[in-house]
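This report concerns only the one structure given below.
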Amino acid sequence: YVAVNSTELAKTIVPTDAELRDYFEKNKTSYYISVPQKKIKYVFVNTAKLGEKLQISDADLKTEYDALPADKKLAGVNGQEIVLRVPKPELDGQVAAKAAELVQQAKKDGPSVTEEAFAILAKGHSENPGTAQNGGKLSGPVRENPNKADDPYQRLLKMKPGDVTEPISYQGRYFILRRGEDVPKSYDQAKKEIEVSLRNRKAYAVAAELAQKIVTSLKETKDPVKTAQAFAAEANMSAADMVKETAFVKPGDDVPNIGISPQFEEGIGPLANVGDVGEKTPIQNGFAIPMLADKKEPRDAEFDEVKAQIVDVVKLEKARSQVEEIAKQIASGAASASALGASATAKGMTAKDQKNLILGSPLGEGPTAGTSEALEDALFAMKVGDVTKTPIKVGDNWYVVGVNKREDANTADFAKQRSGLIETMLSKKRSAVFSDYLAAAKQKMETGGYIKVYKDALDKIDAPTAGLTPTDAN
């Protein structure tokens, strides 16, 4: 399938300079600069460069290690696992039941399970050959990983030794995990990590102190180059690397080497006159000591100033106007499912595969994936090798789809489930009919005057009780 949407299509579009200028002229008022812009020259102190020349003794590192809290002296925790695979979605219930039974067996003597007892179950039942033969022992300690919060093994870190999880369904498998003992982190193991942390902290303090000296000097000299030359050796930098200059910037701008920085904006905010020097300001990788080099009052923007902003806007506008036509061209250029990839590539797009698509499941990847009745009707009416000749819109995507393989429903399974399906549908129909009956009966009785609503009584019920606050009443 090929999902053609304006966001992806925009990435393939390269607008001409004439198109950009034309858009700018038509929308010039949108780019009016309503606040003053400032050009800043600043002296930069790089914290990492200062850190390189700092001497960190072994005694300092050992003192740092000794002061670490207990949880920071852990290399991780040991663990064991029992893994049960779910071969088919329809067997999920059976596998879950087996996993629950194994948990009960493990905890038959109490909530804390020994390594040996768990190992017997793992060897007999776990379907992960890499750990089953070792009694389910994991290959190494489990360490905290904030980037994998959904990883089942991360749960071990919050458990006590001997605890066993309930069955955890994850990526087509059921996991039963046992938490083992803590794995201590020795001084030698922690030394490198401690050195990096300590060096960074000391370097920051030294950089802040040096930056303050530079503030005093720059306020006297008003010359960033001269000031940088005076402190280059102490900063462990060349004077040329210390002196930097921004373009004309305003609050909210993404400044090279600084980014969008409220701290930098606050640091240059008081600078009103050319030559004014600000205080030391934390920025990426160190400190900036800013000086106002030039200033522009509110005005119409020049094309070159906003060109980078306009590029993305024009690309997206062009993509929105072309997206349906591009999808149609991809569809008409693919004679079969196997030719869809080449047709997509010719238009700068990419064809992707999706296996085991069933009714109701979304087509595509990420938050833009979706489905619709029209897409499903088209797909399930196609034969192997067919391609949709007309793109189908679902959300923001125009889909062109080809069928590589299809597996029809198993009539034998349908025969087994037929009575259950009939009962389910009958239950839904009965519920719908009963709801319609209630609605019709209510309407008839209200029309005939058989139902009377006493609004004053309802108001009394809804009124707050004397002496109670609204919170108490709730």
Does [X] reach the side chain of [Y], with side-chain heavy atoms less than 4.5 Å apart?
X      : Y      : answer
Ile40  : Leu292 : yes
Ile82  : Tyr174 : no
Val400 : Leu340 : yes
Pro141 : Arg143 : yes
Ser361 : Ile358 : yes
Pro224 : Val43  : yes
Val249 : Lys39  : no
Lys389 : Ser332 : no

To the closest 0.5 Å, what do you measure between [atom1] ([X]) and [atom2] ([Y])?
X      : Y      : atom1 : atom2 : answer
Ser6   : Gln322 : OG    : CD    : 11.0 Å
Glu193 : Leu61  : CD    : CG    : 12.0 Å
Asn78  : Glu115 : CG    : CD    : 8.0 Å
Leu357 : Lys405 : CG    : NZ    : 14.0 Å
Asp60  : Asp58  : CG    : CG    : 9.0 Å
Lys28  : Glu302 : NZ    : CD    : 9.0 Å

Under 4.0 Å between a side-chain nitrogen and a carboxylate oxygen: does that hold for [X] and [Y]?
X      : Y      : result
Asp182 : Lys185 : no
Arg299 : Glu305 : yes
Glu19  : Lys318 : yes
Glu324 : Lys328 : yes
Glu209 : Lys280 : no
Glu64  : Arg201 : yes
Lys49  : Asp241 : no
Asp188 : Lys191 : no
Glu8   : Lys11  : yes

Kindly write out the residues that satisfy ring-ring contact (aromatic ring centres under 6.0 Å, His included) with [X], not counting sequence neighbours, or none if the list is empty.
X      : value
Phe287 : Tyr204
Tyr1   : none
Phe231 : none
Phe248 : none

Quick check: closest heavy atoms across [X] and [Y], and the distance to 0.1 Å?
X      : Y      : answer
Lys73  : Leu68  : CE-O, 3.6 Å
Ala334 : Ser343 : N-OG, 3.9 Å
Ala351 : Gly341 : CB-CA, 3.7 Å
Ile289 : Val45  : CD1-CG2, 4.2 Å

Applying ring pair (Phe, Tyr, Trp, His ring centres under 6.0 Å), which residue pairs with at least one partner in [range] are found, sequence neighbours left out?
range            : answer
residues 293-330 : Phe24-Phe303
residues 57-88   : Tyr65-Tyr187
residues 340-386 : none

Do [X] side-chain atoms and [Y] backbone N/O form a donor-acceptor pair below 3.5 Å?
X      : Y      : value
Asn27  : Ser30  : no
Lys53  : Asn236 : no
Thr12  : Gly348 : no
Arg173 : Leu84  : no
Asn128 : Gly130 : yes

Report the residues that fulfil side chain to side chain contact (heavy atoms under 4.5 Å, CB included) with [X], sequence neighbours left out, ordered by chain and then residue number.
X      : result
Lys148 : Asn145, Asp151
Leu54  : Arg199, Lys202, Ala203, Val206
Val35  : Lys250, Pro251
Val323 : Val4, Leu9, Trp398

- Could you pull out all residues at least two apart from Tyr170 that satisfy side chain to side chain donor-acceptor pair (under 3.5 Å)?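 Testing Tyr170 for side chain to side chain donor-acceptor pair (under 3.5 Å), a comparison that skips the adjacent residues, returns none.
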- Task: Please test Met382 against Thr388 for side chain to side chain contact (heavy atoms under 4.5 Å, CB included), starting from the C-alpha separation and ending with a verdict.
- Result: CA-CA 8 Å; Met382 292 162 65; Thr388 50; 3.7 Å; yes
Does any donor atom in the side chain of [X] or [Y] lie under 3.5 Å from an acceptor atom in the other side chain?
X      : Y      : value
Asn257 : Gln284 : no
Thr371 : Glu376 : yes
Glu81  : Thr131 : yes
Glu245 : Tyr42  : no
Asp66  : Thr63  : no
Lys347 : Gln329 : yes

- Item | Leu375, Leu363, Asn5, Thr368 screened by side chain to side chain contact (heavy atoms under 4.5 Å, CB included) with Val394, the one that passes |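 Going through the options one by one, the only one that passes is Leu375.
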- Kindly determine whether Lys158 and Glu144 satisfy salt bridge (Lys or Arg N to Asp or Glu O under 4.0 Å), including the steps that lead there. CA-CA 10 Å; Lys158 299 180 181 179; Glu144 185 176 8; over 6 Å; no
- Query: What do the steps show when you test Leu50 against Met237 for side chain to side chain contact (heavy atoms under 4.5 Å, CB included), and what is the final call?
  - Reply: CA-CA 8 Å; Leu50 270 170; Met237 298 173 67; over 6 Å; no
